[in-house]
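See structure below.
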Amino acid sequence: MPTKIYNPSKIEKKWQKWWETKKIYEVKDKVKGRENFYHLVMFPYPSGDIHIGHWYNFVGADVFARLKKMQGFNVLSPIGFDAFGLPAENAAIKRKIHPQAWTFKNIKKMQKQLRSIGAIYDWSREIITAEPEYYKWTQWMFLQLYKKGLAYRKKAKANWCNNCRTVLANEQVIEGKCERCDSITYQKEIDQWLFKITDYAERLLKDIEKLDWPEKTKIMQKNWIGRSEGWEIQFLIPNQEISISIFTTRPDTLFGSTYMVLAPEHPLVDKLTIEQKEKEVERYREKTKRKSELERIGAGLEKTGVFIGAYALNPVTNERIPIWISDYVLLGYGTGAIMAVPAHDQRDFEFAKKFNLLIREVVRGPKSGPLEKAWEGEGDLINSSWFTGMASGKAKDEIGEYLKKRGLARKKIYYRLRDWIVSRQRYWGAPIPIIYCQDCGIQPVPENKLPVKLPSLSNFKPAEDGRSPLARSKKFIQTKCPNCHGRAERETDTLDTFVDSSWYYLRYVDPRNHRHFAAKKKIESWLPVKMYVGGAEHTVLHLLYSRFFAKALNDAGFINFKEPFLALRHQGIILGPDNQKMSKSRGNVVDPDELVKKFGSDAVRLHLCFMGPYDQGGPWNPGGIIGISRFLNRVFNFANNFGKTIKNEEIKIDLSLFHQLIKKIGEDIESFHFNTAVSSLMQILNWLEEQKFVSREVLEIYLKLLSPFAPHLSEELWHHLGFKGSIHKEIWPKYDVSLIIKKEVQIVVQVNGKSRDVVTVPSGFSKDEIQKLAESEEKVKRYLTGKNIKKVFFVPDRLINFVIE
RNA sequence: GCCGAGGUGGCGAAAUGGUAUACGCACAUCACUUAAGAUGAUGCGCCGAAAGGCAUGUGGGUUCGAGUCCCACCCUCGGCACCA
């Protein structure tokens with residue numbers, strides 16, 4: 001009799017093909033009796049390879065999607081590619097291959113790799129953001145925001161390499177130097193398009209409360225938006241008609257403000273700097289341009305700055321205080337100027353120490369004696385004239401109100417959030433659909449002229465003047481004004497790829513619609529997304545931008561919801577051998593194809609699920625996958641031998657553990673605790689192998705429990721049992737509540753909190769009964785005899801603790 | 001620096017404030033085998049002959065009882081607005 005051998009690569013290919021020809025994963029917009037469930041996983045960037053970090057993301061998401069499907073939902077779980085972006089251009093310049101060719105070659109390879117996962121993707125809904133049918137609608141989105149006044153032009157900073165004459169991404173600046181030519185980079189002001197996300201700051205902050213998102217993600221977004229309530233206060237310049245406006249949340253420390261600091265780029269610096277200081281100030285400003293923001297604001301860094309020779313008046317003390325410039329003050333936050341209170345702000349303290357500026361304590365801290373560092377907490381005011389003795393909290397308002405009466409202050413809310421710069425001086429992106437006419441000014445491209453197609457170029461370096469490579473194409477630039485039909489020029493910048501991904505979830509519900517980004521009916525039947533799965537590294541940018549888009553589209557009447565992703569779960573980040581995030585650009589990726597070849601897709605899936613908590617991630621460690629492989633083999637053998645040795649179904653076996661674990665596996669998948677779910681599957685198998693008799697029903701249930709994790713093997717064994725249909729159309733097993741109640745429990749007996757014994761009793765025993773029993777146990781008696789029992793703690797069905805002298 | 005997460009056996013890890021180390025890997029011994037592999041059985045935190053004691057990054061605290069709660073510190077990872 002030939003024994004069947006588990007050959008994963010053979011059966012996996014077989015079933016993948018079968019599923020495809022039977023179209024079992026095809027998603028219909030409406031299925032009778034099934035509620036729609038939109039389950040979204042963050043789409044990959046086509047870097048060239050699906051690495052093990054992608055698998056980790058997709059497998060967990062797929063297990064969850066399969067559970068939802070088996071629970072009776074009509075599940076949409078689509079896939080696509082976030083296909084525009086910088087690496088394609090780098091590849092083009094380095095390897096002389098067109099970004100489009102490079103991107104689509106990668107996509108082809110990755111499609112194949114993705115199929116090997118065996119996920120329930122409906123490939124007929126695939127989207128690729130670099131295709132004109134897609135970016136037509138990205139451009140359309142831009143136009144809607146423009147119409148609503150949410151897109152505008154402004155000068156903004158970009159990294160600039162003077163040698164390459166090009167704008168650089170942050171990633172291309174290595175320690176202040178250009179990645180390609182090693183020359184020092186500058187911050188250069190250029191004309192940019194921005195989205196007014198700050199208009200939505202308050203709503204983005206408020207609506208986040210309602211979302212079923214990880215608490216840490218919500219906190220990070222809130223901190224990113226950074227609402228702070230405070231006061232805007234005017235510091236007058238003696239003998240001049242101007243004043244410097246500052247923002248502070250601590251007016252209570254105003255008496256301790258002994259100098260001011262402006263951002264080097266602050267517009268008043270030119271007006272205020274005295275002649276003798278001009279050269280020094282100019283030199284400092286030049287130096288600042290070479291620093292990135294991160295290099296400027298670090299508190300541990302040595303403070304730098306220049307006194308500009310001018311003074312302002314402290315509005316409460318009327319002292320003349322010196323005005324400095326320093327790069328630790330940023331123009332982009334608050335008013336770009338601060339009142340420095342060295343005794344109560346650590347960065348001001350470091351600055352004052354370095355330049356020997358006056359430090360005056362005005363809030364009583366916990367320590368007395370000379371200050372070693374700033375006291376940033378609250379307390380009673382000291383050295384504050386008639387406010388001395390008042391508590392900080394009260395003094396904030398009192399001092400604010402006092403200045404308000406004199407017209408020197410007003411209450412103000414500031415946000416840390418800044419508007420979103422969406423223009424890029426690059427080739428591989430969606431062209432911004434704007435036309436510049438000498439007579440009519442800025443003109444949006446009419447919607448019926450979309451898409452503005454990306455021309456095919458051969459040189460992808462930005463133009464010498466820093467403009468986008470598109471500026472090289474005369475054919476592209478020259479056009480007619482949609483308003484006066486005279487000669488006009490196209491915008492040559494392209495859109496940030498985050499714009500593409502801010503709305504992609506909308507396109508999946510109706511990916512081939514030529515007349516609209518999606519039909520209203522389909523939007524309403526699927527959206528918003530019920531579960532979104534992706535990396536925690538997207539917490540503040542992609543996830544915030546998408547929320548902003550949804551709100552703006554809702555305001556414009558295009559969609560009927562205000563939040564795109566009702567629930568969100570993160571997979572942890574898989575680290576490469578260098579202990580850093582796995583990514584193609586770092587060159588530390590681990591290719592799963594070899595593992596799939598060796599152990600099979602199901603084994604890789606199980607291993608990724610079993611490795612550890614899904615949201616934790618950590619260094620990639622293939623050790624242990626052999627254990628998974630053994631486990632699957634045992635399942636295969638158990639199920640195959642089942643038919644031969646069976647089985648008297650009348651013999652009753654204790655199913656309580658089985659039903660407890662059915663419950664646990666369902667709950668674990670629902671809560672993304674895949675590792676403990678897999679461990680439960682192993683426990684069931686251990687239990688099954690111990691049983692003398694197992695009914696066919698138990699085996700069928702077991703295969704269903706396994707099917708979200710090992711879709712291929714479970715399908716194979718399902719068919720061995722004689723079924724003709726797919727196991728993936730089955731309903732998730734229910735557990736029997738009456739069977740999961742424990743009849744016997746083990747009670748831990750502690751003396752003074754130390755475990756001394758365990759007694760097994762029927763569940764529901766009373767405190768008195770258990771106390772009596774425990775006191776009679778030899779191991780416990782030993783500790784109790786001759787001692788006075790002060791107190792007895794009892795936790796029903798769990799524990800009893802004797803507290804003795 | 002700022003915001004967020006994590007630190008438990010040799011390793012991946014488990015644990016509603018209630019027996020720390022489930023499940024798996026590695027390792028050891030045994031069985032089967034000519035052998036290797038595969039498979040199966042048993043053992044496996046540390047100290048100790050045992051009784052018992054000690055162990056969840058470090059130091060303190062709360063509690064009858066702390067991996068879990070609070071405070072301080074150390075280390076690792078993610079994000080910081082043009083990588084996606």
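Residue numbers start from 1 in every chain, and the chains themselves are labelled A, B, ... in the order their sequence lines are given, proteins ahead of strands.
- Nucleic acid contact class of Val758(A) (heavy atoms, under 4.0 Å, all strands): base.
- The phosphate of U19(B) has neither OP1 nor OP2 within less than 4.0 Å of any side-chain N or O from Gln746(A).
- An OP1 or OP2 oxygen of G79(B) is reached within less than 4.0 angstrom by no side-chain nitrogen or oxygen of Gln221(A).
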Below 3.5 Å is the cut-off: list the nitrogen or oxygen pairs between protein and nucleotides 43-49 of chain B, distance only.
none

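- Taking atom P on both G53(B) and A20(B), the two are 12 Å apart, rounded to the nearest angstrom.
- The distance between the ring centers of Phe142(A) and Trp193(A) falls below 6.0 angstrom.
- For the pair Lys222(A) NZ and G79(B) P, the interatomic distance rounds to 22 Å; values are reported in whole Å.
- Put simply, the side chain of Gln691(A) gets close to the backbone of Trp687(A): a donor and an acceptor are under 3.5 Å apart.
- With a 6.0 Å radius and a threshold of 12 heavy atoms from other residues, nucleotides or ligands, Lys289(A) has its NZ atom at or below the threshold.
- Remark: aromatic rings of Phe460(A) and Trp428(A) are distant, center separation not under 6.0 Å.
- Atom C1' of nucleotide A5(B) and atom CD1 of Ile573(A) are separated by 9 Å, given to the nearest angstrom.
- When distances run from any side-chain atom of Ser679(A) to the nucleotides U19(B), G12(B), C23(B), the shortest one goes to C23(B).
- Comparing the P positions of C30(B) and A51(B) gives an interatomic distance of 27 Å, to the nearest angstrom.
- Taking atom P in both C82(B) and C73(B), the straight-line distance is 33 Å, to the nearest Å.
- Between the side chain of Ser763(A) and the main chain of Glu744(A), no donor-acceptor pair closer than 3.5 Å is present.
- When rounded to the nearest whole Å, the span between CD of Glu778(A) and P of G52(B) equals 11 Å.
- G9(B) and U68(B) are spaced 15 Å apart, taking the P atom of each and rounding to whole Å.
- Side-chain N/O atoms of Arg798(A) and base N/O atoms of U16(B) include a donor-acceptor pair closer than 3.5 Å.
- Considering only the side chain of Gln683(A), C23(B) comes nearest among C23(B), A5(B), C77(B).
- Distances shorter than 4.0 Å separate none of the side-chain N or O atoms of Tyr333(A) from OP1 or OP2 on C2(B).
- At distances below 3.5 Å, at least one donor-acceptor pair connects side-chain atoms of Ser546(A) with backbone N or O atoms of His542(A).
- Separating the OH atom of Tyr328(A) from the P atom of C2(B) is a distance of 15 Å, rounded to the nearest angstrom.
- Residues Trp503(A) and Tyr134(A) place their aromatic rings such that the two centres sit under 6.0 Å apart.
- Distance alone, capped at 3.5 Å, places no donor-acceptor pair between the Ser326(A) side chain and the Gly305(A) backbone.
- Residue Lys754(A) is classed as a sugar-phosphate contact, given heavy-atom separations below 4.0 Å to backbone atoms only.
- Met682(A) comes within contact range of the sugar-phosphate backbone alone, with a heavy-atom separation under 4.0 Å but no base atom that close.
- Arg782(A) comes within contact range of the sugar-phosphate backbone alone, with a heavy-atom separation under 4.0 Å but no base atom that close.
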All N/O contacts under 3.5 Å from nucleotides 13-15 of chain B to the protein, with atom names and distances to one decimal?
unit_1: A14(B); atom_1: OP1; unit_2: Asn675(A); atom_2: ND2; d: 2.7

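- Remark: side-chain polar atoms of Thr494(A) are paired, donor with acceptor, to backbone N or O of Arg426(A) under 3.5 angstrom.
- Note: CG (Asp615(A)) to C1' (G4(B)) measures 13 Å, nearest angstrom.
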Criterion salt bridge (Lys or Arg N to Asp or Glu O under 4.0 Å) on Glu491(A) and Arg153(A), from CA distance to verdict: CA-CA 12 Å; Glu491(A) 167 65 65; Arg153(A) 258 166 95 72; 3.3 Å; yes

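- Here Ile626(A) lies in heavy-atom contact (under 4.0 Å) with sugar-phosphate atoms only.
- Among the atoms of the strands shown, only primed sugar atoms or phosphate atoms (P, OP1, OP2) are found under 4.0 Å from some heavy atom of Asn579(A).
- In the set G52(B), G24(B), C77(B), the nucleotide with an atom closest to the side chain of Asn686(A) is G24(B).
- Checked by atom type and distance alone, the side chain of Lys767(A) never pairs as donor or acceptor with a backbone atom of Phe794(A) at under 3.5 Å.
- As rounded to the nearest Å, G6(B) and C70(B) have P atoms that lie 12 Å from one another.
- The NE2 atom of His570(A) sits 11 Å away from the C1' atom of G79(B) (whole-angstrom rounding).
- Side chain of Thr198(A) to backbone of Arg418(A): no donor-acceptor contact under 3.5 angstrom is found.
- Here, C69(B) and U16(B) have their P atoms 12 Å apart, quoted to the whole Å.
- Comparing G65(B) with G57(B), their C1' atoms sit 23 Å apart, to the nearest whole Å.
- The side chain to side chain donor-acceptor pair (under 3.5 Å) search around His607(A) returns none, not counting sequence neighbours.
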Between the protein and nucleotides 63-71 of chain B, list every N/O to N/O distance that falls short of 3.5 Å.
unit_1: C64(B); atom_1: O2; unit_2: Asn801(A); atom_2: ND2; d: 2.4

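- At least one donor-acceptor pair closer than 3.5 Å links the side chain of Glu376(A) to the backbone N or O of Gln346(A).
- Contact check, Arg630(A) against C25(B): a side-chain N or O comes under 4.0 Å of OP1 or OP2.
- Ionic pairing of Asp191(A) and Lys155(A) is present here: one or more N-O contacts between side-chain nitrogen and carboxylate oxygen are shorter than 4.0 angstrom.
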Pair assignment for RNA chain B - dot-bracket with | for other-strand partners, Watson-Crick or G-U under 3.5 Å: (((((((..(((.....[....))).(((((.......))))).(((....)))..(((((..]....))))))))))))....

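- Side chain of Tyr614(A) to main chain of Asn57(A): a donor-acceptor pair is present (N/O by atom type, distance under 3.5 Å, no hydrogens or angles).
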Protein-nucleotides 82-84 of chain B N/O pairs under 3.5 Å:
unit_1: C82(B); atom_1: OP2; unit_2: Arg424(A); atom_2: NH2; d: 3.2
unit_1: C82(B); atom_1: O4'; unit_2: Arg424(A); atom_2: NE; d: 3.4
unit_1: C82(B); atom_1: O4'; unit_2: Arg424(A); atom_2: NH2; d: 3.4
unit_1: C82(B); atom_1: O3'; unit_2: Asn170(A); atom_2: N; d: 3.3
unit_1: C82(B); atom_1: O2'; unit_2: Asn170(A); atom_2: N; d: 2.4
unit_1: C82(B); atom_1: O2'; unit_2: Asn170(A); atom_2: OD1; d: 3.3
unit_1: C82(B); atom_1: O2; unit_2: Arg426(A); atom_2: NH2; d: 2.5
unit_1: C82(B); atom_1: N4; unit_2: Gln192(A); atom_2: NE2; d: 2.9
unit_1: C82(B); atom_1: N4; unit_2: Gln425(A); atom_2: OE1; d: 3.0
unit_1: C83(B); atom_1: OP2; unit_2: Asn170(A); atom_2: N; d: 3.4
unit_1: C83(B); atom_1: OP2; unit_2: Glu171(A); atom_2: N; d: 2.7
unit_1: C83(B); atom_1: O4'; unit_2: Glu171(A); atom_2: OE1; d: 3.3
unit_1: C83(B); atom_1: O4'; unit_2: Glu171(A); atom_2: OE2; d: 3.3
unit_1: A84(B); atom_1: OP1; unit_2: Leu86(A); atom_2: N; d: 3.0
unit_1: A84(B); atom_1: O3'; unit_2: Asp82(A); atom_2: OD2; d: 2.4

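- Straight-line distance between the P atoms of A36(B) and A28(B): roughly 14 Å, to the nearest whole Å.
- Aromatic rings of Tyr783(A) and Phe802(A) (six-membered ring for Trp) have centroids beyond the 6.0 Å cut-off, not under it.
- The aromatic ring centroids of Phe349(A) and Phe351(A) lie 6.0 Å or more from each other.
- In terms of modelled atom types and a separation under 3.5 Å, the side chain of Asp49(A) and the main chain of His51(A) share no donor-acceptor contact.
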